[in-house]
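Structure record follows, encoded as structure tokens.
When a ligand or atom number is given, it counts from 1 through the structure's own listing order. Keep in mind that this is a model prediction, so the values were computed, not measured. In this chain, residues are counted from 1 in sequence order. Excluded from the calculations below are hydrogen atoms, water molecules and symmetry mates; all remaining heavy atoms, backbone and side chain alike, are included.
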Amino acid sequence: MNRMIKKAILPAGGLGTRFLPATKASPKEMLPIVDKPMIQYAVEEAQACGIEDFIIITGKHKRAIEDHFDSAFKLEESLKKSGKKKLLEEINRLNQLNFAYIRQREALGLGHAILCAKPFVKDEPFAVLLSDDIIDTDAHLLRDMINLYKEFESPVLALQKVPISEVNKYGIIDGTKEKDKIYRVNNLIEKPSAAEAPSDLAIIGRYILTPDLFGALEDVRPGKGGEIQLTDALSGLLKKRQIYGYLFTGKRYDAGDKLGYLKATVDLALKNTELSVAFKEYLVKTVEKIKTKQ
Ligand code: G1P
């Protein structure tokens, strides 16, 4: 099998109910964090790992995503004329990438969204990135996962330890530690209760998957929430092949949640070269004010 990961699937068909009313008619994936839409962080993270082909699974009210990754001729001309080179470079940075869009006709879950990409992935391994998980790119999670895939030629799931009170928000694995940060997956359960959870190892939104997953997805019945769950398909696949988990100890933001979104905004603004000094000053003053009121 081809060991190079050239394709990424980005599911973006969800309704974004946690961000209503902002997401009533606009995609959640287009909510900006500092100056980029959420989904662009995931695209750039994959691009940095040599991924060039992006399959975005969309749905109703998601056309802004297609426009965003399209070239913007008039805007480019105007930036050229006004000599705004830096901005021009910034919007041209993704021009060499290929984007394909598939409409998920019904919101039947993450597993179903991925299955929609089957005719376009064919016989290649691929990455899946859930764009509301913002990963600190300095930590190189995806690169490490791709390297593990090359070593084991098996699917690799990103894991993070979560408090037991939060296991019901994630796919949770039962795993055997093989070596530092690497787990052999024995079982997976989608959003278990604290009592059912086999561990505190949660799957976070980065996966390296193999094309035999599609067969497993076709066999899966609706699970948690009546949806076709990726976790259930992985559990089916586990009967046929080994799956590995990679423990991520770097920074991740659940930007699909309002508080996580705010934390990502603050931290990424502090990293932004144009904003960091003034923003830090503002934050320090704000914290001082809050402290004096307490
Ligand atoms: C999805 C998956 C879940 C995984 C999570 C990571 O859930 O179904 O297994 O742990 O992403 O963010 P969602 O957040 O879409 O409900």
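Taking any N or O of Gly171, backbone or side chain, at least one lies under 3.5 Å from an N or O belonging to ligand 1. Inclusion of Thr231 in the set of residues having an N or O under 3.5 Å from an N or O of ligand 1 is warranted. When only interatomic distances are considered, the shortest N/O to N/O separation between Asp133 and ligand 1 falls below 3.5 Å. Residue contacts with ligand 1: Lys169 is placed with no nitrogen or oxygen under 3.5 Å of a nitrogen or oxygen of the ligand (distance criterion only).
Ring planes of Phe54 and Phe99: parallel class, angle under 30° (limits at 30 and 60°).
Of the protein's heavy atoms, none falls inside 4.0 Å of atom 15 (O) of ligand 1. For atom 12 (O) of ligand 1, the nearest protein heavy atom lies closer than 4.0 Å.
Using a cutoff of 4.0 Å between basic side-chain nitrogens and carboxylate oxygens, Asp136 and Lys271 are scored as salt-bridged. By the 4.0 Å N-to-carboxylate-O rule, Lys86 lies too far from Glu89 to be salt-bridged with it. Remark: Lys7 engages Glu124 in a salt bridge, criterion side-chain N to carboxylate O under 4.0 Å.
Of the options Val162, Leu110, Leu159, the smallest heavy-atom separation from atom 1 (C) of ligand 1 is shown by Leu110. For atom 4 (C) of ligand 1, the choice among Leu157, Val128, Ile172, Ile203 with the nearest heavy atom turns out to be Ile203.
For Lys224, the side-chain contact (heavy atoms from CB on, under 4.5 Å) partners two or more places apart in sequence, or in a different chain, are Glu190, Lys191, Gln229.
Using a 4.0 angstrom heavy-atom cutoff, Lys191 counts as in contact with ligand 1.
Residues Tyr244 and Val185 are not in side-chain contact: their nearest non-hydrogen atoms beyond the backbone lie 4.5 Å or more apart.
What sits closest to atom 9 (O) of ligand 1 on the protein, heavy atoms only, is Glu190 OE1, 2.7 Å.
Within the listing of ligand 1, atoms 11 (O) sit less than 4.0 angstrom from a heavy atom of Leu130.
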Please list every donor-acceptor pair under 3.5 Å in which a side-chain atom of residues 159-177 meets a protein atom from a residue at least two apart or in another chain.
| residue | atom | partner | partner atom | Å |
| --- | --- | --- | --- | --- |
| Gln160 | OE1 | Arg252 | NE | 2.7 |
| Gln160 | NE2 | Gly250 | O | 3.2 |
| Tyr170 | OH | Arg252 | NH2 | 2.7 |
| Thr176 | OG1 | Asn186 | ND2 | 2.9 |

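Ile146 and Leu97 fall within a single hydrophobic cluster, where Ile, Leu, Val, Met, Phe, Trp and Tyr are joined by side-chain heavy atoms under 4.5 Å apart, directly or via other members.
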